[in-house]
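Working notes for the structure below.
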Amino acid sequence: MTSLLAIDGVGPVVMRVRPLARGEAMSFMTVRLRQVRAADRIAAERGELADVERERVGDTATAARRSVQAGRGRIYLVDTILLVDAAEAPTLSERIESLRLEGRGLGLELEVATFRLGDAWRAALPGPAPRPIAERNLDSGSLAASLLHAASDLYEPSGHLYGRSRTSGAPIVLDRFAHASHNAIVLGQTGTGKTMFTGAEMSRCLIRGIRVLAVDPLGDYRRLTDELGGSYLDLGVAGTGLNPFAFTASATDGALTAKIASLSRLIAAMASGITRDERPALDQALRATYEAAGIGPDPASLDRPPPTLADLVDRLPGFPGGEPLAHRLERWATGSLAHLFAGGTTLPLDRRLLVIGLASLSDPEVRAVAQLAALSVLWDAVRRDLAPKLIVVDEAWKVMRQPAGAEFIEELARSARHYHAGLQLATQDIVEFLRSDFGESIVKQSDLRVLLGQTPEGADALARYFDLTAAERRSLVHARPGEGLLFVGRSHVAFEAAVSRREYAMLTTRPADLLAADQRYAPPDTG
């Protein structure tokens, strides 16, 4: 039934179930079996070929009689009515034909109640059952398979709007912090509404008082941040940089050890990996660099001015195996990329909305390293307190390309809930994301999973992983922007994301929309 409900215009679905007593069921199935065998004899006398459908009915009747006789199941007479609506008659005819075609693919024959519309309408209303319209017999297993196990209406009073159910039109209201895992992942191709959905989640969490920290690789959330009064740090612009050596987390006894572990991961990404001999040299050099700045295990020393990447590179050659690593880090410390991590910018970590943009970085490798550095800084900010927070990572597949980045994202997904934080990942390269060593683990640690429009290859990968039906896979391939499947725990529903006009204006990336907005506010031509 789920694939039928995914068709536009299908509203209420009613199943009137009438169980038969054991004697009635045995008599009913015996009559059906006699009818089948009589038809077989007549067909044999005429020399006709065996009817596959008649064979199926005979096998079903035999199995049902045995099941009822053994007490393993029951027989039910089921009347199923689907109400379809449309604004115009041609649209209604088109939807009915789509239902018929989908039903035939499932082995079902659907008929229009042309002369019994009143009975069909009354059957969909509460109250006593009217007279049957088109009862069919089902055994226990068939009836169980026909029932809807996927939730169609999801409503959590403490949450905010995510969209509406495509089957019933009911609003979907969810609270990510009411679930065991606060994480969500959005999988969708370019142009399917991935950025729109993620941006709307950011604005609605902010309205609810949830602090939002985000990394924006393409500059898609700049207008949203400006409109909502947040802080946007455009990494790569002259005078703007991060100092990954600075302490932005709370001052604790283990803060220095955690910072060194985070820096080791980041430096490995900068150097395109480190060897076994370079690892101890890096650890010793990091500790020596902090000691030279007067920073040690004592939390009181963490307030002192932090060192920089250039200080580390100066010390690395003094340790066995450190000189080759220092050479690979020169362009980040003193070369053309030194401004990214010069440490001249103090992050406004007290702001309710903080977004670090990377659109000014054109090199994909540099952008991936900068994204990892930004995430490390934001993760330190998350651990400062237990207030609810949302961490947004757009284009997550770019970070997942690097082993260090994939490992860090998996750690965020696993540990975020301990600090009352939820991780929101958005990615378009589904195949590469799931192929990563940590991709499957990250998906499993996300209670909310949003599947938007896909290419056939991406839909095949998701169908295998999420065990989608053929109709659900087809709906992803042909989904319009904002349409898809929403998984919430063990339930899932066909849904359509909902955004307001203001949210759309702040988040749209369509060139036609941006050009129209520029022309709307352009001064009149008086020449």
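Just so you know, these numbers use all the heavy atoms, side chains as well, and skip hydrogens, waters and symmetry mates.
- In this structure, F247 and A255 approach most closely via the heavy-atom pair CE2-O, 3.8 Å.
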Stepwise salt bridge (charged side-chain N to carboxylate O under 4.0 Å, His left out) test for E109 and R100: CA-CA 7 Å; E109 287 295 334; R100 281 177 168 167; over 6 Å; no
Candidate pair R474 and E102, rule salt bridge (charged side-chain N to carboxylate O under 4.0 Å, His left out), full reasoning: CA-CA 11 Å; R474 190 162 57 250; E102 185 66 33; 2.9 Å; yes
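- Counting non-hydrogen atoms of neighbouring residues, nucleotides and ligands closer than 6.0 angstrom, the CZ atom of R480 reaches no more than 12 such neighbours.
- Checking D220 against T509 by side-chain atom types alone, no donor-acceptor pair falls below 3.5 Å.
- To the nearest 0.5 angstrom, I409 atom CD1 is 12.0 Å from S441 atom OG.
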Intermediate values then yes/no, salt bridge (charged side-chain N to carboxylate O under 4.0 Å, His left out), E496 and R164: CA-CA 5 Å; E496 180 181 359; R164 67 178 185 89; 2.7 Å; yes
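- With contacts defined as side-chain heavy-atom distances shorter than 4.5 Å, the pair S272/R328 does not qualify.
- Rounding to the nearest 0.5 Å places CG of D226 at 9.5 Å from CG of L353.
- If you check the side chains of S158 and D175, you find a donor sitting under 3.5 Å from an acceptor.
- Shown here for L325 and A271, the closest heavy-atom pair between the two residues is CD1-CB, 3.6 Å.
- Atom-to-atom distance recorded for L337:CG and D363:CG is 8.0 Å, nearest 0.5 angstrom.
- Distance check: L213 CG to D380 CG gives 11.5 Å after rounding to the nearest 0.5 Å.
- Of all the heavy atoms in H160 and C205, the pair that sits closest is CE1-SG, 3.7 Å.
- Within the 4.5 Å cutoff, no side-chain heavy atoms of N183 are placed close to those of L425.
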Stepwise side-chain contact (heavy atoms from CB on, under 4.5 Å) test for L187 and R449: CA-CA 8 Å; L187 306 174; R449 307 165 187 178; over 6 Å; no
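- Between F177 and H179, the distance separating the two ring centers is not shorter than 6.0 angstrom.
- Residues L378 and A214 share a closest heavy-atom pair of CD1-O, 3.7 Å.
- L228 places a side-chain heavy atom less than 4.5 Å from the side chain of L206.
- The closest donor-acceptor contact from the side chain of T508 to the backbone of Y504 lies at 3.5 Å or more, if one exists at all.
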Pair R95-E88, salt bridge (charged side-chain N to carboxylate O under 4.0 Å, His left out): steps then yes or no: CA-CA 11 Å; R95 291 176 175 177; E88 300 174 348; over 6 Å; no
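- Looking at S475, its side chain does come within 3.5 Å of a backbone N or O of E472 through a donor-acceptor pair.
- The shortest heavy-atom contact between Y419 and S415 is CD1-O, 3.5 Å.
- Here T190 pairs with Q428 under the side-chain hydrogen bond (donor to acceptor under 3.5 Å, both in side chains) rule; sequence neighbours left out.
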V493 and L485: CA distance, side-chain angles, deciding distance, side-chain contact (heavy atoms from CB on, under 4.5 Å) verdict: CA-CA 6 Å; V493 61; L485 301 175; over 6 Å; no
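- Side-chain N/O atoms of Q189 and T455 include no donor and acceptor closer than 3.5 Å.
- The OG atom of S181 sits 8.0 Å away from the CZ atom of R417 when rounded to the nearest 0.5 Å.
- Two residues are said to be in side-chain contact when any heavy atoms from C-beta on lie closer than 4.5 Å; V13 and L83 fail this criterion.
- At a threshold of 4.5 Å between non-hydrogen side-chain atoms, the residues E411 and R265 count as touching.
- Looking at V14 and T80, their side chains never come closer than 4.5 Å, going by heavy atoms from C-beta outward.
- Salt bridge status for K194 with D394: absent, with no side-chain N to carboxylate O gap under 4.0 Å.
- A497 approaches F197 most closely through the heavy-atom pair CB-CD1, 3.9 Å.
- Relative orientation of the F487 and H492 rings is parallel, given thresholds of 30° and 60° on the angle between their planes.
- Using a distance-only test at 3.5 Å, with no hydrogens or angles considered, a donor-acceptor pair links the side chain of E503 to the main chain of S500.
- With values rounded to the nearest 0.5 angstrom, L375 atom CG is found 8.5 Å from L423 atom CG.
- Here the side chains of P307 and F245 are in contact, with some heavy-atom distance below 4.5 Å.
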Residue pair I267, L282: steps toward the side-chain contact (heavy atoms from CB on, under 4.5 Å) verdict: CA-CA 9 Å; I267 291 169; L282 174 60; 3.8 Å; yes
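- Partners of F438 by ring pair (Phe, Tyr, Trp, His ring centres under 6.0 Å), not counting sequence neighbours: none found.
- Salt bridge R176/E156: absent, no basic N to carboxylate O contact under 4.0 Å.
- Residues Y232 and D216 bring a donor and an acceptor atom of their side chains to less than 3.5 Å of each other.
- The backbone N or O of A338 sits nowhere less than 3.5 Å from a side-chain atom of W332 that would complete a donor-acceptor pair.
- For the pair T192/P481, no side-chain contact is recorded, criterion being any heavy-atom separation below 4.5 Å from C-beta on.
- Looking only at atom types and distance, the side chain of E410 has a donor-acceptor partner in the side chain of Q445 under 3.5 Å away.
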Test log, rule side-chain contact (heavy atoms from CB on, under 4.5 Å), inputs R473 and D460: CA-CA 7 Å; R473 177 201 173 277; D460 288 338; 2.6 Å; yes
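- Of the possible donor and acceptor atoms, one in the side chain of T225 sits under 3.5 Å from a partner among the backbone N and O of Y221.
- Counted by atom type alone, H478 and E483 present zero donor-acceptor pairs between their side chains at under 3.5 Å.
- Salt bridge present: E365 and R331 bring a charged side-chain N and a carboxylate O closer than 4.0 Å.
- A donor-acceptor contact shorter than 3.5 Å links the side chain of Q454 to the backbone of L452.
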